[in-house]
Amino acid sequence: MASNNCFTSLADIKPFKTSWKIKVKIIHTWKQFTTYTGETIEMILADVDGTLIHATIKKQQLNKFQRFIVYGEWRIIENFQLTRSAGKYRATKHTYKMSIMNSTLISKCPSLSNDFFLDLATFDDILAEDVLNEHILIDVLGQVVAVGEMKTSSQNDKPKKRLEIELRDTSDQRLQCTLWGKFADSMWEATRNGAGGSVICLLRCAKINTYNGERSVTNAFDMSLMQINSDHTAVGDFIADLPKDDLQIVFLAKESTDRILKKDKDDYINQYPMSTISDLLEATSEGKMKIMATIYNIDMEFGWYYFTCLKCKQTCYLIPKVENVTYSKPRKPLFYCKTCVQDVTKAVSRFKLTLDVMDNTGESKFILFDTNAYKIVNHTTTELLEGNYDEISDPKDVPLALKNLVGKTFKFLASIHTANITEGKESYKCSYVEMGDSTTNVDNIEDSEIQADPKDVISMDNQCSSRSNETRDGNGTATTTPSSKRKEDPTDQAEQSSTSKKLCLPSIKSAIESENVDVANANVDEASESEGEEEEKKRRRKTKFIKLIHFQKLF
């Protein structure tokens with residue numbers, strides 16, 4: 001240790017030299033992984049004056065310094081590097097960030113204070129627009145007054161829990177807070193098992209969010225630290241100043257929390273007018289269109305998933321196993337990343353769904369990537385692959401969760417790019433998707449006698465001959481009774497409900513193509529007919545198509 005006993009305050013250290021000597025308390029630690037630095041240990045340090053600074057220890061230095069990194073203890077640190085603090089997740093207000101070097105010296109120090117040096121932000125400052133910098137994390141202290149339903153969202157190809165809560169301060173000011181992952185689980189358990197008592201939430205290193213002019217806070221990944229009903233002096237003072245109204249926690253119904261989330265969602269998607277597939281195909285400029293459409297097929301030409309390198313987040317490719325080679329131990333999947341230019345073992349599977357969709361004006365292909373695909377499939381790619389990372393050998397082998405999408409109606413927000421306009425690219429990427437309105441009939445055809453709900457329409461890749469309306473006479477010849485005229489028979493219902501019989505229905509797309517051929521042939525015959533007769537025949541053809549759909553619904 002250096003003989004110099006002169007210690008410098010954290011407020012006075014500058015990056016022009018490295019030979020500083022400080023006394024600090026470790027008030028928060030967490031692990032972090034980034035593409036550029038790899039895995040690191042992060043700390044927040046405080047001196048006796050309450051000045052905070054963010055410090056980093058690289059993974060290669062852990063063996064040397066790990067025994068000194070103890071939460072809540074004081075340390076003497078000498079010889080370290082300072083760089084300017086930047087980015088959207090700055091852990092402290094300090095202008096600089098500290099980096100531990102191989103030549104750094106860390107030693108134990110007697111305790112100088114039991115304080116944990118909270119830098120609490122008031123609700124008024126958080127809710128104001130120009131007071132606090134959103135890029136600097138803050139400490140928040142509040143009483144939980146309302147708790148919403150636990151939600152599940154997809155992040156990095158993994159489902160992650162989300163919980164909306166409402167906090168209040170000593171002046172009864174309210175603040176919305178979103179908790180993710182383990183923070184949501186901890187809060188959910190504390191509020192449900194609190195036996196009616198008050199729940200005080202201390203969230204250190206919280207992130208300020210602004211959406212549509214409204215501010216809220218959330219935990220910043222693993223950087224944050226949440227303590228519930230802690231025994232800090234600041235928490236005791238906060239409880240003493242709360243209004244004496246014995247306020248109980250309100251558990252909001254699912255509809256209440258959905259209404260809050262739906263408002264944000266509607267503000268985004270409703271800025272685009274409702275359009276049709278024909279409008280999309282005829283577009284002459286880039287933009288987005290909101291379209292209600294029904295899925296009639298899962299396009300497997302390019303598969304339904306791909307892999308990304310965990311390090312660079314770019315696409316990587318599975319390296320096939322060597323044939324006729326026996327391994328003594330199970331071999332992990334190996335991938336090649338063109339960006340990293342090396343073989344990698346850490347990769348993540350992600351959705352890339354290509355859907356054939358239709359409405360009453362036309363058909364197209366929509367592409368859904370990871371988050372939006374998860375919203376409608378309700379399964380991650382990891383769950384669907386079940387540990388099998390081999391390339392798809394049979395394009396007809398579609399996971400059941402994807403097959404179940406066929407026949408369902410969704411509201412898509414399709415993006416029109418230059419390639420769609422100038423190069424005739426037929427697929428459109430979708431930046432948003434939600435379940436379609438059940439009252440909206442995508443396949444509605446005017447003047448038809450029967451209305452069909454497209455969500456009840458199911459198409460299959462393998463076409464089978466229908467046995468539902470065919471009977472044979474004594475000579476073995478087939479006779480057919482139209483479904484609209486056939487009388488229902490109890491024996492028919494028994495057959496339809498039998499599990500030993502497999503019902504095979506013709507593909508909706510095939511029916512559409514066949515109908516289009518009939519329409520083309522009929523147009524030649526109708527050229528000499530009057531306009532009134534032509535309209536009547538068109539109406540009959542539409543009715544025939546709707547009856548076909550209705551016939552399939554009987555099963």
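The model shown is predicted, which means the values in this text are computed figures rather than measured ones.
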May I ask you to establish whether [X] and [Y] are in a cation-pi arrangement, using a distance under 6.0 Å from NZ or CZ to the six-membered ring centre and at most 45° from the ring axis?
X    : Y    : value
K290 : Y272 : no
K288 : Y428 : no
R192 : F251 : yes
K207 : Y89  : yes

Pair up each side-chain donor or acceptor in residues 49-57 with any protein partner under 3.5 Å, not counting sequence neighbours, and list the distances.
from	atom 1	to	atom 2	distance (Å)
H54	NE2	E42	OE1	2.7
T56	OG1	E42	OE1	2.7

Side chains of [X] and [Y] in contact at under 4.5 Å (non-hydrogen atoms):
X    : Y    : result
K411 : I291 : no
D185 : K161 : yes
E78  : W20  : no
L179 : M226 : yes

Ring centroids only, cut at 6.0 angstrom: are F412 and F366 within range, meaning strictly under it?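 Yes, close enough.
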So that I know where these two stand, are Y71 and F116 an aromatic pair - ring centroids less than 6.0 Å apart? yes
Parallel, tilted or perpendicular: ring planes of F369 versus Y306, cut at 30 and 60 degrees: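 Because their plane-to-plane angle is over 60°, the rings of F369 and Y306 count as perpendicular.
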Identify, with sequence neighbours excluded, every residue that meets ring-ring contact (aromatic ring centres under 6.0 Å, His included) alongside F335.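 Expected list: F307.
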Determine whether the side chains of [X] and [Y] contain a donor N or O and an acceptor N or O closer than 3.5 Å.
X    : Y    : result
S171 : D169 : yes
Q143 : S198 : no
T218 : T178 : no
S103 : N79  : yes

By the definition side chain to side chain contact (heavy atoms under 4.5 Å, CB included), identify the one residue from D119, L203, T122, I126 that meets it with I138. I126
More than 12 non-hydrogen atoms from neighbouring residues, nucleotides or ligands closer than 6.0 Å to NZ on K31, yes or no?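 Counting other residues, nucleotides and ligands, NZ of K31 stays at 12 neighbours or fewer.
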